[in-house]
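Below: one structure, written as structure tokens.
Note that this is a predicted model, so its numbers are computed, not measured.
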Amino acid sequence: MLSRIAAHVVPFFGRLTVTSDPGARVEPGSILVVNHTSLADPALVLAALRGRLAVEPVLLATSGLWRIPLLGRALTREGHVPVHRNSARAAAALDHAAVALASGRHVMLYAEGRIPPRRDAAENPPEMFRTGLARLARATGAPVVPIGQAGARRITSGGRAKQLAGVLTAPVRRPGLHVHIGTPLRLPDDVNAATELAHGAVTAAWRTAAGALGEPAALGGAGRAAGPRG
């Protein structure tokens with residue numbers, strides 16, 4: 001349901017384009033890792049995956065979404081996984097993700113673990129990754145598909161008033177939006193090395209996406225890989 005809704009709604013808010021590395025494939029049971037910049041970017045990526053590859057992944061998302069009437073029940077019904085951050089239940093999300101991968105479903109997650117607290121609408125490279133992605137890949141042997149998105153901050157970013165204004169004006173402004181799907185990786189067993197490799201791959205995919213929109217951060221050479229977080 002979420003992917004279908006995103007595919008119908010996103011074109012109303014902006015002009016979405018999608019590219020991929022030559023020969024890039026998304027095998028069943030793959031982990032899809034995406035840079036996180038805005039409340040709007042999950043919709044962009046879900047729409048791109050459904051339209052380009054007919055993929056509708058299980059989403060690892062903040063548990064607060066499950067408290068929203070109707071939405072929470074829909075998320076549970078479709079098998080999406082709540083992440084209870086900073087609690088004893090946080091690790092359970094990886095267990096549920098592993099079950100979804102074993103059944104052949106795709107799992108989409110944000111290895112940064114948060115939206116960077118910035119008020120401007122510009123693009124920046126991904127923050128440091130947490131180690132959950134590497135631990136999930138090691139436990140399951142699943143391939144990892146790096147995905148970069150850019151333009152979501154043109155829909156909504158900053159404080160609450162600015163976010164609301166962005167959403168209300170986006171259908172008129174119709175900002176450019178871009179998603180790039182990178183080449184799948186097999187991460188090494190070492191968690192730190194795997195986290196660094198995945199971060200570099202997502203940064204490269206983000207650079208392609210942001211470069212397609214002419215974003216200065218991508219064109220100016222920003223975006224060195226950063227070390228992992230736990």
- Are any side-chain N or O atoms of D190 and backbone N or O atoms of A193, one a donor and one an acceptor, separated by less than 3.5 Å? yes
- Message: Starting from L53, can I reach V18 by hopping between I/L/V/M/F/W/Y residues whose side chains sit under 4.5 Å apart?
- Response: yes
- Query: Are L44 and F12 co-members of a hydrophobic cluster defined by side-chain heavy atoms under 4.5 Å apart?
  - Reply: yes
- What's the spacing between W206 CH2 and E123 CD if we round to 0.5 Å? 6.5 Å
- Message: Are the side chains of M108 and V58 in contact, using a 4.5 Å heavy-atom criterion?
- Response: no
- Does T203 use its side chain to pair, donor to acceptor, with the backbone of P125 at less than 3.5 Å? no
- Minimum side-chain heavy-atom gap L136-I31 below 4.5 Å: yes
- Identify whether the distance between the nearest side-chain nitrogen and carboxylate oxygen of E215 and R153 falls below 4.0 Å. no
- Task: Would you indicate whether the side-chain heavy atoms of V33 and F129 approach each other to under 4.5 Å?
- Result: yes
- Is L39 reachable from L164 through a run of hydrophobic residues whose side-chain heavy atoms are each under 4.5 Å from the next? no
- Query: Quick one: are R135 and V191 in side-chain contact, heavy atoms under 4.5 Å?
  - Reply: yes
- Query: What distance do L168 atom CG and R173 atom CZ have between them, rounded to the nearest 0.5 Å?
  - Reply: 10.0 Å
- Item | Over all atoms of both residues, closest heavy-atom pair of A134 and L187 | CA-CD1, 4.4 Å
- Task: Assess whether side chain to side chain contact (heavy atoms under 4.5 Å, CB included) is satisfied between F13 and V167, documenting all intermediate values.
- Result: CA-CA 8 Å; F13 287 94; V167 170; 3.9 Å; yes
- Query: Do you know the tightest heavy-atom contact between P188 and L197?
  - Reply: CD-CD2, 3.8 Å
- d(L59 CG, H80 NE2) to nearest 0.5 Å is 6.5 Å
- Item | Step-by-step side-chain hydrogen bond (donor to acceptor under 3.5 Å, both in side chains) determination, S157 to Q163 | CA-CA 5 Å; S157 60; Q163 288 189 32; over 6 Å; no
- Item | V45 and I147, any side-chain heavy atoms less than 4.5 Å apart | yes
- Query: In this structure, are over 12 heavy atoms from other groups packed under 6.0 Å from R4 atom CZ?
  - Reply: no
- Tell me, do L16 and H178 make a side-chain contact under 4.5 Å, heavy atoms counted? no
- Message: Distance check, rounded to the nearest 0.5 Å: R207 atom CZ versus L219 atom CG?
- Response: 9.5 Å
- Task: Test side chain to side chain contact (heavy atoms under 4.5 Å, CB included) on I181 and T19 and set out the steps.
- Result: CA-CA 6 Å; I181 303 164; T19 53; over 6 Å; no
- Sub-3.5 Å donor-acceptor pair from the side chain of T156 to the main-chain atoms of A152, do we have one? no
- Query: About how many Å separate OG of S3 and CZ of R50, when rounded to the nearest 0.5 Å?
  - Reply: 7.0 Å
- Query: Do Y110 and N35 have a side chain donor and acceptor closer than 3.5 Å?
  - Reply: no
- Item | Spatial distance of atom CD (Q149) from atom CG (L213) [nearest 0.5 Å] | 9.5 Å
- Task: Could you tell me which non-hydrogen atom of P11 sits nearest to which non-hydrogen atom of A6, and how far apart they are?
- Result: CD-O, 4.2 Å
- Query: Under 4.5 Å between any side-chain heavy atoms of D41 and H36, yes or no?
  - Reply: yes
- Message: If we ignore hydrogens and angles and just use 3.5 Å, is the side chain of E112 paired with the main-chain N or O of E127 as donor and acceptor?
- Response: yes
- Return yes if a side-chain donor-acceptor contact under 3.5 Å exists between H106 and S30, otherwise no. no
- Query: Between the main-chain N or O of G166 and the side-chain N or O of R154, is there a donor-acceptor pair closer than 3.5 Å?
  - Reply: no
- Message: Does any part of the side chain of V179, heavy atoms only, come nearer than 4.5 Å to the side chain of V34, both counted from C-beta?
- Response: no
